[in-house]
Amino acid sequence: AITAGEEGLARLRKKNEELDQDLGTIGKGVSELNQIALQMNSEVKLQNSMIDEMQHKVDKTRAHLQNTNKRMKELLDKVASPSKFCVDIVLFIVLLGFITFIINMLVNKNFHL
């Protein structure tokens, strides 16, 4: 016959076995989470490296663009010099002549109607 003490001891052993199984399951979960965290860490390091490389390229391109803009501004300043004024006047006179020609054509066309 099983005594009350032995029965209590058997229940205690069974509870300990269940706890051991639960702790084993928890341990597996923690181990899997650790692996996921390590993989995420590696991915973050890789992406940080890619971002740094891209930032370097952006900085290099920005410097090149600023240099190009500076050179274009200098070139435009040279083109907008007083010598361009003469070209502007000649073009304006040509434009006036063209407008006069168009007006004469329209007036002569209306005369013939």
Side-chain angles (χ1 to χ4, degrees):
I2 298 178
T3 64
E6 290 175 346
E7 190 178 311
L9 188 57
R11 277 188 278 163
L12 186 59
R13 283 186 187 139
K14 186 173 178 166
K15 287 286 183 188
N16 279 342
E17 288 174 7
E18 290 174 3
L19 283 173
D20 285 344
Q21 287 178 349
D22 290 345
L23 286 174
T25 303
I26 291 171
K28 283 182 182 178
V30 168
S31 179
E32 289 173 7
L33 286 175
N34 183 45
Q35 289 301 315
I36 291 171
L38 290 173
Q39 289 173 352
M40 289 173 67
N41 184 39
S42 295
E43 185 66 26
V44 166
K45 285 181 179 179
L46 175 66
Q47 289 184 6
N48 279 340
S49 174
M50 291 168 66
I51 288 171
D52 289 343
E53 183 180 338
M54 187 178 293
Q55 184 64 44
H56 174 71
K57 288 179 180 179
V58 166
D59 290 342
K60 194 173 171 183
T61 302
R62 181 182 295 127
H64 177 72
L65 185 60
Q66 287 174 340
N67 186 35
T68 302
N69 284 340
K70 180 182 175 187
R71 289 184 7 219
M72 286 188 65
K73 184 180 182 312
E74 290 170 357
L75 182 62
L76 286 173
D77 287 343
K78 288 179 184 177
V79 170
S81 66
S83 63
K84 186 181 178 282
F85 182 71
C86 292
V87 173
D88 289 343
I89 289 183
V90 169
L91 289 175
F92 181 70
I93 292 171
V94 169
L95 181 65
L96 283 178
F98 184 70
I99 291 172
T100 304
F101 176 75
I102 297 286
I103 290 173
N104 282 334
M105 282 185 59
L106 291 174
V107 169
N108 288 337
K109 186 176 182 184
N110 286 336
F111 256 162
H112 289 87
L113 293 176

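Both backbone and side-chain heavy atoms feed into the values below; hydrogens, waters and symmetry mates do not.
Counting only residues at least two apart or on different chains, no salt bridge (Lys or Arg N to Asp or Glu O under 4.0 Å) pair has a member in residues 21-38. Judged as a salt bridge (Lys or Arg N to Asp or Glu O under 4.0 Å), the pairs with a partner in residues 44-55 (not counting sequence neighbours) are, in order, E53-K57.
Residues satisfying the side-chain contact (heavy atoms from CB on, under 4.5 Å) test with E43, not counting sequence neighbours, are L46, Q47. Taking D59 as the reference, Q55, R62 meet the side chain to side chain donor-acceptor pair (under 3.5 Å) condition, with sequence neighbours excluded. Listed by chain and residue number, nothing satisfies the side chain to side chain donor-acceptor pair (under 3.5 Å) test with K60 (two or more places apart in sequence, or in another chain). Here R13 pairs with nothing under the salt bridge (Lys or Arg N to Asp or Glu O under 4.0 Å) rule; sequence neighbours left out. Residues meeting the salt bridge (Lys or Arg N to Asp or Glu O under 4.0 Å) test with D20, sequence neighbours left out: none. Scanning for side-chain contact (heavy atoms from CB on, under 4.5 Å) contacts around R71 gives N67, with sequence neighbours left out. Applying the salt bridge (Lys or Arg N to Asp or Glu O under 4.0 Å) rule to K14 yields no partners; only residues at least two apart in sequence or on another chain are considered. Take E17 and apply the salt bridge (Lys or Arg N to Asp or Glu O under 4.0 Å) test, not counting sequence neighbours, and it matches no residue. Checked against side-chain contact (heavy atoms from CB on, under 4.5 Å), L96 has the following partners two or more places apart in sequence or in another chain: F92. Legend: residues meeting side-chain contact (heavy atoms from CB on, under 4.5 Å) with N34, ordered by chain and number and at least two apart, are L38.
The side chain to side chain contact (heavy atoms under 4.5 Å, CB included) test with K70 singles out one residue from K73, M72, E74, Q66, and that residue is E74.
Side chains of L91 and L95 form no contact here, defined as non-hydrogen atoms less than 4.5 Å apart.
V44 and I36 are members of different hydrophobic clusters when ILVMFWY side chains are connected at heavy-atom separations under 4.5 Å.
To the nearest 0.5 Å, atoms CD1 (I99) and CD1 (I102) are separated by 9.0 Å. Atoms CG and CD1, on L19 and I26 in that order, are 9.0 Å from each other to the nearest 0.5 Å. Atoms CG and CD, on L33 and Q35 in that order, are 10.5 Å from each other to the nearest 0.5 Å.
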